[in-house]
Structure formats: structure tokens, C-alpha cells
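Residue numbers run from 1 in the order of the sequence given. Remember, it's a predicted structure, so these values are computed and weren't measured experimentally.
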Amino acid sequence: MKKWFLVILACLLGISNIGCAVLDVLDNMADNQKHAEKVSKELIRCINEKDVDGIEQLFNLYSQKEEKLREDIEDFLDYIDSEIVDYNINYRGEVGSWIEDGKWVEQEVQTNLENIITDTGTKYFIVFREYMIYKKDETKEGVCLLTLRDENNHVLFSIFYD
């Protein structure tokens, strides 16, 4: 009888720990989605205002050290013909992440800005990726990839430093 009690107790403790871990992951996903929406809105604002400094600040410190980043952002903005008047945020979630010893060591997420329409009727698609966590080099936390695609999903311009 004592054996069964201990087995049941051990199983309940194990399930309890798994439940806590699942809740942590779900909370993390919700936080990341809110962050992605905030970054998306800021990116659209910066694009509409041709704010090179604002877009540069969205990139991680690692990318900001690249001499060519500002020029790349200016080129990126040149591809967009006018003001963005409508878009949808599609948070894709994790595209490369892992946990060691119960803690996040790396977490890369992707957000797609879809059905982008400018006031001239041009349609675009923007993808950005960012490291939420990168323990090996925290200067890589933040946006690391920004890609502009046309309505046929062909890449027009991409900025990526890794």
C-alpha cells in the first residue's frame, strides 16, 4: 500500500512540475506576442515617417554596430512607394529556441506583417525576426532580420546581420 501511495505521489508531483513548465511557456508566448505587436506598430510608424533612426533602434546592438545598417535601412525605405494605410500582424512565434536546465538560452521569434497596402494601392509583405533571448551574446537580442516582399512574395530587400 505504501508503495502505491509513493508511486501516485511521485506521479502527481511530476504532473505538477510539467503543469508549471507549460504555464511558463504559455506566459512567455503571450508576452512575446504583445512585444511583437508593439514592434510591428513602431516599425509601420517608422516606415511611414521614413524614420531611419527609429528602425535602427529596433535592431539589436550587434546589428547596430554594422556600418552599412543605416544605408540598408534607407534602401529598404526606398522600396516602399508611399504611406502604409492597412496591414495585418501575424505573429508566427518561435522559429528557433531552446531551453537548458529549465531556462531559456535562446529564443528567436518571427512576425509577419501581411496584406500591407499603401495609399497608392501597392501591396507588400514584411517579415522580421528577433531574438528575445540569446544568452551566448546578449547584443544579439532584438531585431536581426527585416525583409520586404512584394505581393507575389518575391524578396525586394532584406537586412540581416548575424
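- For the pair Asp51 (side chain) and Cys46 (backbone), a donor-acceptor distance under 3.5 Å is absent.
- Transitive grouping of hydrophobic side chains (ILVMFWY, heavy atoms separated by less than 4.5 Å) keeps Ile133 and Val95 in distinct clusters.
- Between the CD atom of Glu151 and the OH atom of Tyr124 there is a distance of 10.0 Å, given to the nearest 0.5 Å.
- Every residue meeting the ring-ring contact (aromatic ring centres under 6.0 Å, His included) condition with Tyr131, not counting sequence neighbours, appears here in chain and number order: Tyr134.
- The side-chain contact (heavy atoms from CB on, under 4.5 Å) search around Asn90 returns Arg92, Asn112, Glu114, not counting sequence neighbours.
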Please step through side-chain contact (heavy atoms from CB on, under 4.5 Å) for the pair Lys38 and Lys34, ending with a clear verdict.
CA-CA 6 Å; Lys38 179 181 170 188; Lys34 286 179 190 174; over 6 Å; no
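- Annotation: salt bridge (charged side-chain N to carboxylate O under 4.0 Å, His left out) contacts of Arg70 (sequence neighbours excluded): Asp53, Glu56.
- Taken from CG in Leu69 to CD1 in Ile55, the straight-line distance is 9.5 Å, to the nearest 0.5 Å.
- No side-chain heavy atom of Leu43 sits less than 4.5 Å from a side-chain heavy atom of Val143.
- Using a distance-only test at 3.5 Å, with no hydrogens or angles considered, a donor-acceptor pair links the side chain of Gln64 to the main chain of Phe59.
- In this structure a side-chain-to-backbone donor-acceptor pair under 3.5 Å is missing from Asn48 to Glu83.
- Not counting sequence neighbours, the partners of Glu42 by the salt bridge (charged side-chain N to carboxylate O under 4.0 Å, His left out) test are Arg45.
- Checking each of Leu146, Val39, Leu58, Leu145 against Glu130 for a side-chain contact (heavy atoms from CB on, under 4.5 Å) leaves exactly one that passes, namely Val39.
- A search for side-chain contact (heavy atoms from CB on, under 4.5 Å) contacts involving Glu100 returns Trp98, Val105, not counting sequence neighbours.
- Using a 4.5 Å heavy-atom threshold, the side chains of Asn60 and Thr139 count as separate.
- At least one side-chain heavy atom of Trp104 sits under 4.5 Å from a side-chain heavy atom of Ser97.
- Linking Ile, Leu, Val, Met, Phe, Trp and Tyr residues whenever their side-chain heavy atoms come within less than 4.5 Å places Phe128 and Ile89 in a single cluster.
- Between Cys144 and Ser63, the closest heavy-atom pair is CA-OG, 4.4 Å.
- Atom OG1 of Thr122 sits about 3.5 Å away from atom CG of Asp81, to the nearest 0.5 Å.
- We find the CG-NZ distance between Leu61 and Lys140 to be 12.5 Å, quoted to the nearest 0.5 Å.
- Note on Ile44: it clusters hydrophobically with Leu148, by side-chain heavy-atom contacts below 4.5 Å among ILVMFWY residues.
- Crowding of Lys135 atom NZ: a count of heavy atoms from other residues, nucleotides or ligands under 6.0 Å not exceeding 12.
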For residues 153-162, which side-chain donor-acceptor pairs fall under 3.5 Å, sequence neighbours excluded?
from	atom 1	to	atom 2	distance (Å)
Ser158	OG	Thr147	OG1	2.8
Tyr161	OH	Asp72	OD2	2.5

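- The two residues Glu141 and Met132 make their nearest non-hydrogen contact at CD-O, 3.9 Å.
- To the nearest 0.5 Å, the span separating CD on Glu106 from CD1 on Ile99 amounts to 12.0 Å.
- Residue Ile117 is not grouped with residue Leu77 when hydrophobic side chains (ILVMFWY) are merged at heavy-atom distances under 4.5 angstrom, including chains of intermediate members.
- Interatomic distance, CD of Gln107 versus CG of Asn32, reported as 4.5 Å (0.5 Å rounding).
- Residues Ile116 and Ile47 fall within the same hydrophobic cluster, defined by Ile, Leu, Val, Met, Phe, Trp and Tyr side chains chained together at heavy-atom separations under 4.5 Å.
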The test is side-chain contact (heavy atoms from CB on, under 4.5 Å); show your working for Ile84 and Leu113 and say whether it passes.
CA-CA 11 Å; Ile84 294 171; Leu113 301 178; over 6 Å; no
